[in-house]
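Could you have a look at this structure, given as structure tokens, before my questions?
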Amino acid sequence: RPAITQFLDAQKPRFVHVVGHSLGGALATMAAEQIAGAGVPAKLYTFGSPRVGLARFARRVDMAVGVANIYRCYHMADPVSMLPVFPFCHVSLAMGGYRLASPGDIVAVSAHLLGGYATDAGDRSWDEIGRVRNPFGSLTAAQAWLEQAAQGAIAFPTMSGTAISLAAQALNLIIQAAVTLGVAATMLAETAADWLAQLLARIIAASIELGRMVRHFVMVCLRLVGAAVVVSAEGAGLAASFIRAVLEMLFHAIATRAARAIQLRLN
């Protein structure tokens, strides 16, 4: 931050383009927020960037830089862009990102490489690529997808990037609905999986409808990691310890691939 301030004071730029890939995308996001906050117009371009902050930070970047000036490119199969997990959020929170064709749908190390992003982007304009918004226009739409996906009516392979993205977006809607009911979890949990497990267990206890969605979400997570465990969509609530174990399996599978992708990039 001091170096950026020194650069702005010395160069007095009229406009700055901030570009980054992978962890560089995270740094670029923070740099763009600082530059725009200093009153210098900026555009932000990231490729395969991880999530940088919580919703409050994402909204601050959206306001400072401007949603029309944020170009977040990602592959659906890129594991780095899936981390850190909830409650971290991507920018632009309001408008979504630009999805490029992945080398397949299964989460893979190769989907993170910068060369793949450059090839897939080609010489297309941003308008030709287009932003991808939340496919669920309502909680009801997310509920229908979760139910079908949990029961196997929607086919997807183990570690499907598309299914992981849809499940995550459905989870966001579940949590938003739970918040309106006054359901919350302590933020003193040790890990994201601990925090989410506590919250989801409380949602099951507080709401029959949302509880059924949580069970379907857990069943989808099990399908994503290839676990052959049957979870009833009805009846007694799931223990927080079981939910945490399922979440940790999925998070570990993503994180392992992300670590390998970052190491490959560094090499």
Side-chain angles (χ1 to χ4, degrees), residues 1-100 102 109-127 129-133 161 165 254-255 257-267:
R1 294 182 70 87
I4 291 174
T5 298
Q6 183 179 12
F7 162 77
L8 296 176
D9 291 343
Q11 302 297 325
K12 295 181 172 52
R14 290 181 295 176
F15 205 102
V16 178
H17 295 270
V18 192
V19 187
H21 167 247
S22 189
L23 297 182
L27 291 173
T29 301
M30 291 186 284
E33 189 261 342
Q34 180 187 352
I35 291 168
V40 179
K43 285 184 181 288
L44 171 64
Y45 310 85
T46 66
F47 301 85
S49 172
R51 299 181 179 99
V52 181
L54 306 184
R56 181 180 298 178
F57 171 79
R59 282 192 288 267
R60 192 166 74 237
V61 175
D62 283 0
M63 288 188 62
V65 180
V67 294
N69 295 321
I70 298 175
Y71 303 89
R72 179 181 68 84
C73 289
Y74 66 99
H75 281 144
M76 189 63 82
D78 185 345
V80 175
S81 64
M82 298 177 180
L83 296 173
V85 296
F86 188 91
F88 282 77
C89 300
H90 274 301
V91 297
S92 162
L93 188 63
M95 295 294 289
Y98 292 83
R99 185 177 70 212
L100 299 176
S102 293
V109 172
S110 59
H112 183 61
L113 300 181
L114 182 57
Y117 277 104
T119 299
D120 292 342
D123 58 0
R124 289 182 294 165
S125 69
W126 294 109
D127 287 338
I129 297 173
R131 289 184 187 265
V132 176
R133 299 173 183 255
S165 176
I254 297 172
R257 289 165 173 79
R260 286 169 51 203
I262 292 171
Q263 189 59 46
L264 181 62
R265 181 188 65 83
L266 294 176
N267 290 340

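The chain is numbered in sequence order, starting from 1. What you see is a predicted model, and the numbers here were worked out from it, not measured in a lab.
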message: Between Val132 and Tyr98, is the side chain to side chain contact (heavy atoms under 4.5 Å, CB included) condition met? List the steps.
response: CA-CA 6 Å; Val132 176; Tyr98 292 83; over 6 Å; no
query: How many angstroms lie between OG in Ser110 and CZ in Arg257, if you round to the nearest 0.5 Å?
result: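 Separation between the atoms: 11.0 Å.
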Side-chain donor-acceptor pairs of residues 10-21 under 3.5 Å, sequence neighbours excluded:
unit_1: Lys12; atom_1: NZ; unit_2: Asp9; atom_2: O; d: 2.7
unit_1: His17; atom_1: ND1; unit_2: Tyr45; atom_2: OH; d: 3.1
unit_1: His21; atom_1: NE2; unit_2: His112; atom_2: O; d: 2.8

Could you pull out every donor-acceptor pair under 3.5 Å between side chains of residues 57-75 and any protein atom, sequence neighbours left out?
unit_1: Arg60; atom_1: NE; unit_2: Glu33; atom_2: OE2; d: 3.1
unit_1: Asp62; atom_1: OD1; unit_2: Ser92; atom_2: OG; d: 3.4
unit_1: Asp62; atom_1: OD2; unit_2: Ser92; atom_2: OG; d: 3.4
unit_1: Asp62; atom_1: OD2; unit_2: Leu93; atom_2: N; d: 2.9
unit_1: Asp62; atom_1: OD2; unit_2: Ala94; atom_2: N; d: 3.1
unit_1: Asn69; atom_1: OD1; unit_2: Lys43; atom_2: NZ; d: 2.9
unit_1: Asn69; atom_1: ND2; unit_2: Val65; atom_2: O; d: 2.9
unit_1: Tyr71; atom_1: OH; unit_2: Ala68; atom_2: O; d: 3.2
unit_1: Arg72; atom_1: NE; unit_2: Val91; atom_2: O; d: 2.9
unit_1: His75; atom_1: ND1; unit_2: Ala111; atom_2: O; d: 2.7
unit_1: His75; atom_1: NE2; unit_2: Ala101; atom_2: O; d: 3.3
unit_1: His75; atom_1: NE2; unit_2: Asp120; atom_2: OD2; d: 2.7

message: Between Leu100 and Arg124, is there a side-chain heavy-atom distance shorter than 4.5 Å?
response: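 Of all side-chain heavy-atom pairs linking Leu100 with Arg124, at least one is under 4.5 Å.
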field: Pairs meeting criterion side chain to side chain donor-acceptor pair (under 3.5 Å) with involvement of residues 46-58, two or more places apart
entry: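 Of all non-adjacent pairs touching residues 46-58, none passes side chain to side chain donor-acceptor pair (under 3.5 Å).
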message: Using the side chain to side chain contact (heavy atoms under 4.5 Å, CB included) criterion, which residues pair with Thr119? Sequence neighbours excluded.
response: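 In terms of side chain to side chain contact (heavy atoms under 4.5 Å, CB included), with neighbours along the sequence ignored, Thr119 is linked to no residue.
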field: Shortest non-hydrogen separation from Asp78 to Gly48 and the atoms involved
entry: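 So the two residues come closest at OD2-CA, 3.3 Å.
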field: Validation row: Leu23, Pro50 side chains within 4.5 angstrom (heavy atoms)
entry: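 Yes; the side chains approach each other to less than 4.5 Å.
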message: With side chain to side chain contact (heavy atoms under 4.5 Å, CB included) as the criterion, how do Ile262 and Ser22 come out once you've worked through the C-alpha distance, each side chain's angles and the decisive distance to 0.1 Å?
response: CA-CA 7 Å; Ile262 292 171; Ser22 189; 4.2 Å; yes
- request: Identify the two heavy atoms, one from Pro79 and one from Ala261, that lie closest to each other, and give their separation to 0.1 Å.
  value: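 Closest pair (atom of Pro79, atom of Ala261, distance): CG-CB, 4.4 Å.
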task: Could you pull out all residues at least two apart from Leu113 that satisfy side chain to side chain contact (heavy atoms under 4.5 Å, CB included)?
output: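 Side chain to side chain contact (heavy atoms under 4.5 Å, CB included) list for Leu113, sorted by chain: Leu264.
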field: Set of side-chain hydrogen bond (donor to acceptor under 3.5 Å, both in side chains) partners for Thr5, sequence neighbours left out
entry: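 Expected list: Gln34.
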field: Value rounded to 0.5 Å, distance of CE in Met82 from NE2 in His90
entry: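 One finds 9.0 Å between CE of Met82 and NE2 of His90.
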message: Looking at every non-hydrogen atom in both residues, tell me the closest pair between Leu83 and Ala255 and how far apart they are.
response: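 The pair with the smallest heavy-atom distance is CD1-CA, 3.7 Å.
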field: Donor-acceptor contact present, side-chain Arg131 to main-chain Gly96, <3.5 Å
entry: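 Pair found, side chain donor or acceptor close to backbone of Gly96.
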